[in-house]
Novice: 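I have a structure here, written as structure tokens, and I will follow up with some questions on it.
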Amino acid sequence: MKIVVCAKYALDVAELKISSGKPVLEGARRKVSDIDKNAVEAAISIKEKYGGIIKVLCFGPISAKEGLKELLAMGADEAYLIEDPSEGMLDTAATVEALALAIQKMDGFDLILCGEATIDGYTSQVGPRLAERLKVPQITYVRSIKIDGNNVIAERDLEDVYQTVKVPMPLLITVTREINTPRIPNLMAILKASKKPITIWKIEDLGLSKDKLEQISSLHTLSLEGFTVERKRIIIKDKPVDEAVQELISYLLKEKVLGV
Amino acid sequence: MGLEGNYKGIMVYSEDIDTLFELISKSRELANQIQTDVSAILLGDRIEIIPNELAAYGVDKVYMVENPQLKGLIAEACAESISIIINRVKPEALFIGATKRGKELAPKIAEKLKTGCVSECVSLDIDKAKRDFIMKRIIFGGKVVSTHTIVKRPIIATIPPRIFEKKRIEGRAAQVIKIDLEIPSSKFEILEVKNKVVSGKKIEEASIVICGGRGLKQKEDFKLLDELANVLKGQVGCTRPIAADRGWFTEWIGLSGKKIKPNLYITVGISGAIQHVAGVRGAKVIVSINKDPEAPIFSESDYGIVGDLYKVIPALIEHLKKIK
Ligand SMILES: Cc1cc2nc3c(=O)[nH]c(=O)nc-3n(C[C@H](O)[C@H](O)[C@H](O)COP(=O)(O)OP(=O)(O)OC[C@H]3O[C@@H](n4cnc5c(N)ncnc54)[C@H](O)[C@@H]3O)c2cc1C
Ligand SMILES: Nc1ncnc2c1ncn2[C@@H]1O[C@H](COP(=O)(O)O)[C@@H](O)[C@H]1O
């Protein structure tokens with residue numbers, strides 16, 4: 001089984017600072033997008049049952065190597081990083097073009113796994129676009145995967161229903177957070193992973209150029225405005241429960257939100 | 001800006017009928033600003049909705065595709081149909097309801113048409129001079145609003161349910177255009193569909209919401225929150241792990257779930273992950289109960305009690321009963 005997992009080295013949004021109404025992007029912390037670790041974990045459980053090879057693929061800054069090392073330590077076999085020349089200013093169409101050309105440079109695939117969405121951009125577009133670009137079927141919002149011969153049987157979580165589907169490989173799956181709990185690699189695994197290969201490609205290695213990607217990318221960002229939280233933050237602690245509760249109720253009565 | 005010539009008009013699609021009405025109403029408003037028309041697409045193996053129902057919200061044309069391949073509205077077949085219609089009609093904008101089905105469909109169409117797509121727009125305007133669509137969405141885990149435009153045509157955007165209001169307009173009729181298409185048969189086979197049990201009550205309409213998180217150890221413990229909700233005439237919700245992992249509820253509150261704006265939002269045993277908080281940014285007052293004084297939820301709250309929910313909630317119920 002040849003499995004490719006697409007993983008983004010995303011902004012660590014929990015750590016992101018807002019200053020004078022703007023997000024501070026310079027030097028902002030990054031990490032592997034949460035659900036992409038679920039995708040790697042799903043790939044590992046398939047490999048454990050059916051054998052095969054897991055390649056993780058990222059289009060991102062050179063610092064993404066740190067994230068890829070973590071995925072290798074989890075159990076991926078090989079990592080590929082396409083260096084993004086644009087500092088994240090490209091849209092999903094351009095990202096998908098780079099990912100698709102990289103996948104075509106590999107020796108085929110049975111399964112491509114993506115996350116349902118990234119923590120930073122949160123577009124949910126890359127999976128379906130990539131499936132379309134590579135002309136393979138997609139199964140989105142998957143919360144369990146079984147392999148049956150040449151078919152994938154997957155359960156999807158849609159708004160109103162759970163839907164079980166059967167689709168022949170090759171295909172692309174987007175997973176939800178609920179599909180598994182990603183393992184945290186131990187020291188042994190981390191040491192072992194340092195010997196696993198990370199291939200770095202420039203976009204030119206894929207026959208692309210910065211101009212070409214900018215042409216493909218048609219979504220322009222006019223502005224980014226940060227929300228500032230203006231909460232009162234009155235926290236009651238170290239008081240007997242009854243007293244704490246009465247104090248809270250008196251605040252809420254003043255706010256007139258109790259409907260009395 | 002090199003916009004490919006004669007793309008004109010706004011087109012909408014959603015398999016969810018209320019969302020479709022909302023998209024039509026909003027598109028009507030935008031179309032009036034630039035004197036163009038609004039069309040809608042209906043897909044299915046058997047279409048039950050009467051196209052003139054759509055006229056009542058301001059649609060001018062309805063394109064209908066009835067085809068056995070559209071059974072189950074599989075993304076591939078829908079994307080194929082909509083792309084063909086777009087290539088014929090050449091609208092300047094396509095708006096799709098951001099249900100999960102819509103969210104997997106829109107990027108496929110965008111890829112087929114080699115154009116841009118904005119996911120989950122929360123605001124939609126037109127720059128009349130440039131005839132550009134200005135779209136806002138929420139990114140970075142709810143911390144940032146970004147504003148976008150797309151320089152290719154058609155522009156594609158998905159729009160979540162209940163962002164725009166549906167408005168009936170009297171005395172309009174729509175032209176109905178039935179389209180026959182060859183849709184390739186799909187390898188995508190639906191084996192089973194299980195309905196989720198839906199509570200029926202709409203959490204986004206409640207003015208007081210009490211939300212439980214993983215601090216509640218078992219399903220029965222939510223009875224405590226039900227009791228509090230009873231006293232306050234509010235409704236009970238939960239975080240994503242409670243619904244999606246444990247399956248105690250069918251829907252959750254947050255970035256990937258319901259977005260709500262109650263007057264009073266009470267969190268119980270919730271840590272305050274950014275993805276959760278992103279769903280309640282518009283709440284008037286937020287109150288949190290958590291035993292961990294360091295829990296991030298406290299900096300997102302107006303009032304908080306540091307304490308064990310199993311002691312605080314019963315006391316809160318008791319004291320509230322006295323004043324109600
Ligand atoms: C892309 C993405 C989208 C997501 N979308 C959503 C979303 O829409 N909605 C959502 O909710 N989550 C979402 N999540 C998940 C989110 O990141 C958090 O994992 C989740 O919100 C945590 O839920 P929780 O607060 O219930 O649980 P936990 O984080 O486990 O917090 C439990 C809290 O309960 C407290 N506690 C424990 N026992 C007690 C007690 N006896 N008394 C008082 N307090 C107690 C603990 O101190 C702790 O703070 C998303 C994640 C990702 C990556
Ligand atoms: N730059 C990237 N490199 C690799 N994979 C990506 C990248 N961006 C998105 N993906 C994949 O696409 C999924 C959905 O991303 P998004 O469309 O940004 O919400 C992610 O969970 C990843 O699996």
Side-chain angles (χ1 to χ4, degrees), chain A residues 11 13-14 16 18 23 91-93 96 119-125 128-129 132-133 137-138 140-141 158-168 176-178 218-227 229 231-237 241-242 244-246 248-249 251 255 257-260, chain B residues 75-76 99-101 103-104 107-108 110-112 115-119 139-141 143-152 187-196 232-233 244-245 263-264 274 281 284-286 293 298-307 311-312 315-316 319-320 323-324:
Chain A
L11 287 170
V13 291
L16 185 72
I18 306 292
D91 76 356
T92 53
V96 162
I119 49 170
D120 54 353
Y122 202 73
T123 78
S124 307
Q125 285 186 31
R129 263 196 193 264
E132 186 60 42
R133 174 66 179 73
Q138 70 195 37
T140 53
Y141 301 103
L158 298 175
E159 269 99 1
D160 45 344
V161 295
Y162 297 116
Q163 186 185 63
T164 309
V165 302
K166 181 173 159 186
V167 187
T176 63
R177 288 185 87 230
E178 290 72 34
S218 62
L219 180 73
H220 289 194
T221 300
L222 304 178
S223 70
L224 296 177
E225 290 158 75
F227 280 110
V229 193
R231 294 287 169 194
K232 297 196 178 79
R233 299 182 189 168
I234 299 173
I235 310 304
I236 307 160
K237 57 180 172 189
V241 173
D242 282 312
V245 163
Q246 275 170 321
L248 175 66
I249 292 175
Y251 285 128
E255 293 274 4
V257 288
L258 288 179
V260 290
Chain B
E76 270 172 85
T99 57
K100 284 183 172 177
R101 285 182 173 90
K103 285 198 292 182
E104 73 158 338
K108 282 187 91 64
E111 190 60 27
K112 276 182 195 283
T115 188
C117 178
V118 180
S119 300
I139 58 168
F140 299 167
K143 284 188 174 172
V144 169
V145 181
S146 58
T147 307
H148 302 278
T149 178
I150 294 173
V151 297
K152 290 185 183 160
K187 295 176 191 157
F188 191 104
E189 191 185 339
I190 299 171
L191 299 180
E192 195 193 347
V193 177
K194 265 188 293 185
N195 280 320
K196 296 186 184 175
L232 288 173
K233 298 201 174 50
D245 281 328
N263 273 333
L264 175 61
I274 172 115
R281 276 275 142 76
K284 185 166 169 244
V285 172
I286 299 184
F298 286 127
S299 51
E300 302 280 352
S301 303
D302 295 290
Y303 304 99
I305 295 180
V306 178
K311 297 202 180 96
V312 176
L316 190 58
H319 284 279
L320 280 171
I323 61 160
K324 280 273 174 175

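Because only heavy atoms are used, hydrogens play no part in the values below, and waters and symmetry mates are left out as well, while side chains stay in. Here the structure is a predicted model, which means the values were calculated and not measured. Lettering follows sequence order; numbering is per chain, from 1.
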Novice: Picking from B:S301, B:G116, B:G307, which has the most non-hydrogen pairs under 4.5 angstrom with chain A?
Specialist: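 So the answer, after comparing B:S301, B:G116, B:G307, is B:S301.
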Novice: Measure distances from A:L158 to the heavy atoms of chain B and classify the residue's part below 4.5 Å as side chain, backbone, both or neither.
Specialist: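 Both the backbone and the side chain of A:L158 come within 4.5 Å of chain B.
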Novice: So for B:A75, is it side chain, backbone, both, or neither that comes closer than 4.5 Å to the heavy atoms of chain A?
Specialist: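 Only the side chain of B:A75 comes within 4.5 Å of chain A.
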Novice: Given that the side chain runs from C-beta out, which part of A:Q125 has a heavy atom under 4.5 Å from chain B: side chain, backbone, both or neither?
Specialist: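 It is both, since atoms from each part get that close.
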Novice: Inspect the surroundings of NZ in A:K237 and state if more than 12 heavy atoms from other residues, nucleotides or ligands are less than 6.0 Å away.
Specialist: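 No, the 6.0 Å shell around NZ holds no more than 12 heavy atoms from other groups.
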Novice: Less than 4.5 Å to any heavy atom of chain A: does that hold for the side chain of B:E300, its backbone, both, or neither?
Specialist: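 For B:E300, the contact with chain A is made by backbone and side chain together.
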Novice: With chain B, which of A:I119, A:I234, A:V167 has the greatest number of heavy-atom pairs at distances under 4.5 Å?
Specialist: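 Answer, by heavy-atom pair count under 4.5 Å with chain B: A:I234.
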Novice: Please classify the contact between A:I249 and chain B as side chain, backbone, both or neither, with a heavy-atom cut-off of under 4.5 Å.
Specialist: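 For A:I249, the side chain is the part near chain B, not the backbone.
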Novice: Pick whichever of B:G141, B:A110, B:S146, B:S299 has the most heavy-atom pairs under 4.5 Å with chain A.
Specialist: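 Answer, by heavy-atom pair count under 4.5 Å with chain A: B:S299.
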Novice: Counting heavy-atom pairs under 4.5 Å to chain A, which of B:V312, B:I190, B:T115, B:V118 comes out on top?
Specialist: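 The candidate making the most pairs under 4.5 Å is B:I190.
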Novice: Heavy-atom pairs under 4.5 Å with chain A are the metric here; pick the option from B:I305, B:L320, B:L264, B:I139 that has the most.
Specialist: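 Among the listed options, the one with the most contacts to chain A is B:I305.
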Novice: Side chain, backbone, both or neither: which part of A:L248 has an atom under 4.5 Å from a heavy atom of chain B?
Specialist: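 Side chain only.
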Novice: Please find the pair of heavy atoms, one from A:V241 and one from B:A315, that lie closest to each other, and give the distance.
Specialist: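 That would be CG1-CB, 3.4 Å.
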Novice: For chain B, find which of A:A244, A:P128, A:S124 contributes the most heavy-atom pairs closer than 4.5 angstrom.
Specialist: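 Looking at each option in turn, the highest pair count goes to A:P128.
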Novice: For the backbone of A:V257 and the side chain of B:N263, can you confirm whether one donor and one acceptor N or O come within less than 3.5 Å of each other?
Specialist: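 Such a contact is absent between B:N263 side chain and A:V257 backbone.
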Novice: Taking side chain as everything from C-beta outward and backbone as N, CA, C, O, which of these in A:Y122 sits under 4.5 Å from a heavy atom of chain B? Side chain, backbone, both or neither.
Specialist: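 Contact with chain B: backbone and side chain both.
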Novice: Side chain, backbone, both or neither: which part of A:I18 has an atom under 4.5 Å from a heavy atom of chain B?
Specialist: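 Looking at A:I18, just its side chain touches chain B.
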Novice: If only atom types and distance count, is the side chain of B:K143 paired as donor or acceptor with the main-chain N or O of A:A14 below 3.5 Å?
Specialist: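 Here the side-chain-to-backbone pair exists.
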Novice: Show the numbers, then the answer: is there a salt bridge (charged side-chain N to carboxylate O under 4.0 Å, His left out) between B:D302 and A:R231?
Specialist: CA-CA 5 Å; B:D302 295 290; A:R231 294 287 169 194; 3.0 Å; yes
Novice: Using a 4.5 Å cut-off on heavy atoms from C-beta on, say whether the side chain of A:E225 contacts that of B:T147.
Specialist: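 A side-chain contact under 4.5 Å exists here.
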Novice: Need one label for B:L191: side chain, backbone, both or neither, based on atoms under 4.5 Å from any heavy atom in chain A.
Specialist: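 Both the backbone and the side chain of B:L191 come within 4.5 Å of chain A.
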Novice: Looking only at non-hydrogen atoms, find the nearest pair between B:I274 and B:F140 and report the distance.
Specialist: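 The answer is CD1-O, 4.4 Å.
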Novice: Quick check on B:K187: does its NZ atom have over 12 non-hydrogen neighbours (other residues, nucleotides or ligands) under 6.0 Å away?
Specialist: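 It does not: B:K187 NZ has 12 such atoms or fewer within range.
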Novice: Between B:I286, B:V145, B:V193, which residue shows the highest count of heavy-atom pairs closer than 4.5 Å to chain A?
Specialist: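 So the answer, after comparing B:I286, B:V145, B:V193, is B:V145.
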Novice: Output, in order, the C-alpha distance, side-chain angles, deciding distance and verdict of salt bridge (charged side-chain N to carboxylate O under 4.0 Å, His left out) for B:K100 and A:E159.
Specialist: CA-CA 7 Å; B:K100 284 183 172 177; A:E159 269 99 1; over 6 Å; no
Novice: Using a cut-off of under 4.5 Å for heavy-atom pairs, which of A:E255, A:Q246, A:E178 has the most such pairs with chain B?
Specialist: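 If we count pairs closer than 4.5 Å to chain B, A:E178 comes out on top.
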Novice: Let's test your reading of the structure: which of B:V306, B:V144, B:N195 forms the most heavy-atom pairs below 4.5 Å with chain A?
Specialist: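 Highest number of pairs under 4.5 Å: B:V144.
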Novice: Other residues, nucleotides and ligands only: do more than 12 of their heavy atoms fall within 6.0 Å of NZ on B:K112?
Specialist: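 Yes, the 6.0 Å shell around NZ holds more than 12 heavy atoms from other groups.
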Novice: Going by the rule salt bridge (Lys or Arg N to Asp or Glu O under 4.0 Å), which residues pair with A:R177 if we only count those two or more places apart in sequence or in a different chain?
Specialist: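 So A:R177 forms no salt bridge (Lys or Arg N to Asp or Glu O under 4.0 Å) with any residue.
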